[in-house]
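Ligands are counted one by one from 1 in listed order, and the atoms in each one are counted from 1 as well.
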Amino acid sequence: MLEDTKAFLSSPLGSFINNQWVLRDDAAISEIIDPCTTETIASVQRGTEADLNAAVDAANEAFPAWSALSADERAGHLHRLADALEANFDTIAEIETLDVGKTITNTKGFDIPFGVDCLRYFADLSKTLPTDTELDIKDMEARIHRVPYGVCGFIFPWNFPYNLLLWGIVPALAAGNTVVIKPAELTPLSTLFFAKLAEAAELPAGVLNVVTGSGSVIGNAMCNHPKMKRVSFTGSSEVGKQIGATCGGNLIPCKLELGGKGAAVVFEDADLDLAAEQLSAAITFNTGQVCCTATRWIVHESVADAFTQKVTDLLKAVKIGHGLQEDTGMGPMASEKQRQTVVDYLQKGQAQGATALLAGECLRPEGCEKGYFMSPSLLTGDIDNICFKEEIFGPSAYLTTFTDEADAMKQVHSIEYGLANSVFTQDMERANRVANNMAAGNNWINAHNVFAYGLPYGGVNLSGLGGGVNSPETYYDYLRPQTVARPL
Ligand code: NAD
């Protein structure tokens with residue numbers, strides 16, 4: 001373990017409010033577990049509702065000065081934060097790997113650099129995008145003028161704590177809002193490390209606040225706070241509905257980025273090697289704990305056997321091990337609870353008649369005596385099966401076959417999730433037609449899990465409401481439009 005990681009993990013950790021660390025002797029504690037070893041790696045003090053209130057007050061007080069800065073000045077702060085992340089690249093990658101169990105290859109190759117890019121993208125975008133739009137109306141001088149909302153609250157899940165943090169808060173900060181963040185109880189470490197970097201980079205006090213603790217206390221208080229001007233929630237569809245209802249009751253605008261159960265349609269003319277490589281990678285990336293991954297593999301009946309052979313060969317070859325080992329292809333599940341959820345789904349799916357083409361098993365990879373490890377699984381059966389219909393959130397997929405395009409589309413649309421789907425075919429006319437017709441926020445061609453700044457990413461139906469991330473639209477989401485008009 002790096003010296004900086006050790007120093008951070010052994011330091012007192014709790015909420016970060018108005019550039020102060022709030023630490024108390026009598027605070028309730030969340031023990032943070034390394035899922036590769038099941039050892040406690042840090043203790044985080046849980047915040048209280050009073051802390052949430054203090055954080056909102058601090059953010060509210062910081063708002064006038066932060067929003068009055070020029071876009072260039074705010075962009076300067078965001079670039080300094082990006083510099084700080086780059087200077088601490090190895091440490092934050094290691095912290096994220098230890099907290100979530102994800103591989104160091106992924107945190108160094110994807111999570112951390114993509115987060116740095118997020119800061120730079122929105123910093124630069126905010127300097128170029130206009131906040132005012134002139135309106136062409138007869139006998140009137142009129143325009144839309146956009147202003148930041150004020151205090152924005154963010155509630156995050158445990159699977160991509162660092163990436164989702166940045167995807168969420170950066171556009172809000174760039175637009176001139178101040179933020180209060182509630183990380184997941186299970187994986188708060190990279191968020192707290194980021195707060196330390198913000199403190200060291202002299203982000204003005206109160207602009208960024210983190211309150212640790214449970215959803216039922218901190219998250220709920222956030223959605224009921226009278227000074228909260230906007231809420232963004234990323235997490236399960238079930239909790240998203242509750243948060244949408246609470247925010248709606250308080251007339252707080254709310255963005256919901258929710259769960260998924262992505263479909264991949266593999267046509268008979270698809271490059272089967274590519275499809276097998278993309279889809280095996282989709283369910284092993286972050287040990288399948290990915291909202292937008294493809295877990296319903298809808299394959300043309302004429303190529304199903306060949307595809308199954310290729311994809312199971314790839315899945316069997318994935319090296320499972322400790323996230324910090326450079327050659328590990330897949331780490332453990334993030335928690336024993338999540339591993340048990342996957343085990344339960346596999347049992348229920350088979351009890352309902354599914355067949356295991358590849359059985360998922362709890363295991364101990366060489367050199368790992370403990371840890372929440374599990375091998376990938378692939379079930380097959382009919383589309384009424386629980387494992388076809390519900391989000392499992394693990395390294396598990398469900399294969400069905402189809403006869404023609406209409407049959408494939410019927411299967412895609414047999415459930416209500418609408419986050420991310422993909423289509424594999426060499427016929428680009430068909431690829432674009434199918435992609436256009438799939439009801440999801442993101443539809444990918446001959447690939448799965450495609451992300452870029454400038455490419456909006458969000459969900460529809462059970463997968464989300466009101467926004468998305470990573471694009472100019474996300475920046476405008478954090479600016480409230482108002483009109484200014486003068487009759488001539
Ligand atoms: P979750 O819904 O259980 O919890 C998410 C967050 O909400 C946590 O911080 C939790 O403490 C908080 N929370 C729980 N109950 C609350 C309440 N009543 N009021 C306010 N806050 C509350 O989700 P999870 O298990 O942490 O994450 C997994 C889920 O997140 C999956 O469904 C996954 O698909 C989804 N997800 C979606 C996206 C996306 O971009 N669409 C990204 C990542 C994860």
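- When only non-hydrogen protein atoms are considered, atom 23 (O) of ligand 1 lies nearest to S236 N, 3.5 Å.
- Considering backbone and side-chain atoms alike, T234 places every N or O at 3.5 Å or more from each N or O of ligand 1.
- The closest heavy-atom contact to atom 13 (N) of ligand 1, among the options G219, G441, G215, comes from G215.
- Of the N or O atoms in F393, none lie within a sub-3.5 Å distance of an N or O in ligand 1.
- Within the 4.0 Å cut-off (strictly below), a protein heavy atom is located near atom 40 (O) of ligand 1.
- Looking at T246 against ligand 1, nothing comes within 4.0 Å, counting heavy atoms.
- The distance from the NZ atom of K410 to the CD1 atom of I298 is 12.0 Å, given to the nearest 0.5 Å.
- Just one residue in the list Y475, F451, F122 forms a ring-ring contact (aromatic ring centres under 6.0 Å, His included) with W167, and that residue is F451.
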Worked check of side chain to side chain donor-acceptor pair (under 3.5 Å) between Y372 and Q338: CA-CA 9 Å; Y372 312 130; Q338 191 56 30; over 6 Å; no
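- Looking from atom 25 (O) of ligand 1 to the surrounding protein, the closest heavy atom is W158 NE1, 3.0 Å.
- Not a single heavy atom of F160 sits less than 4.0 Å from an atom of ligand 1.
- Under 4.0 angstrom from ligand 1, the non-hydrogen atoms of Q242 all belong to its side chain.
- In terms of N/O distances under 3.5 Å, ligand 1 is not approached by F233.
- Among all non-hydrogen protein atoms, the one lying nearest atom 16 (C) of ligand 1 is V239 CG1, 3.5 Å.
- Using a 4.0 Å cut-off between charged nitrogen and carboxylate oxygen, R339 and E336 count as a salt-bridge pair.
- No donor-acceptor pair under 3.5 Å is formed between the side chain of T328 and the backbone N or O of G331.
- Below 3.5 Å of separation, one finds no N or O of N159 facing any N or O of ligand 1.
- Between M409 and V434 there is a side-chain heavy-atom pair separated by less than 4.5 Å.
- Only side-chain heavy atoms of Y457 come within less than 4.0 Å of ligand 1; its backbone N, CA, C and O stay farther off.
- By the 3.5 Å distance cut-off applied to N or O atoms, S237 is not counted among the residues near ligand 1.
- When non-hydrogen atoms are compared, ligand 1 lies under 4.0 Å from the side chain of L164 (C-beta onward) but not from its backbone.
- In this structure, K227 pairs ionically with D57, as a charged nitrogen and a carboxylate oxygen lie closer than 4.0 Å.
- Between F285 and F110, the gap from one ring centroid to the other is short of 6.0 Å.
- The L258 neighbourhood of ligand 1 comprises atoms 37 (C), 38 (C), 39 (C), 41 (N), with distances under 4.0 Å to a heavy atom of that residue.
- Counting protein heavy atoms only, atom 36 (N) of ligand 1 is closest to C291 CB, 3.6 Å.
- Counting the atoms of ligand 1 from 1 in the order shown, those under 4.0 Å from a heavy atom of N220 are 19 (N), 20 (C).
- Between V180 and V151, some side-chain heavy-atom pair lies under the 4.5 Å cut-off.
- Closest to atom 27 (O) of ligand 1 among all protein heavy atoms lies P157 CB, 3.2 Å.
- Of the protein's non-hydrogen atoms, the one nearest atom 35 (C) of ligand 1 is G235 O, 3.2 Å.
- Looking at I155 next to ligand 1, no N or O pair under 3.5 Å apart turns up.
- An N or O contact shorter than 3.5 Å links E185 to ligand 1 by distance.
- Residue, atom and distance of the protein heavy atom nearest to atom 9 (O) of ligand 1 are F156 O, 2.7 Å.
- A salt bridge links E185 to K182: at least one charged side-chain nitrogen sits closer than 4.0 Å to a carboxylate oxygen.
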The test is ring pair (Phe, Tyr, Trp, His ring centres under 6.0 Å); show your working for F233 and F154 and say whether it passes. CA-CA 6 Å; F233 170 78; F154 290 85; over 10 Å; no
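- With respect to the salt-bridge test (charged N to carboxylate O, under 4.0 angstrom), the residues E94 and K108 do not qualify.
- Put simply, no part of G464 is less than 4.0 Å from ligand 1, judged by heavy atoms.
- Separation of atoms SG (C247) and CE (M222) is listed at 10.0 Å; rounding is to 0.5 Å.
- Considering backbone and side-chain N/O atoms, S216 never comes within less than 3.5 Å of an N/O atom of ligand 1.
- In this structure, W297 has its ring center at least 6.0 angstrom away from the ring center of F424.
- With ligand atoms numbered from 1 in the order given, ligand 1 contributes 31 (C), 32 (O), 33 (C), 34 (O) to contacts under 4.0 Å with heavy atoms of E391.
- Checking each of V450, V469, N470 against L455 for a side chain to side chain contact (heavy atoms under 4.5 Å, CB included) leaves exactly one that passes, namely V450.
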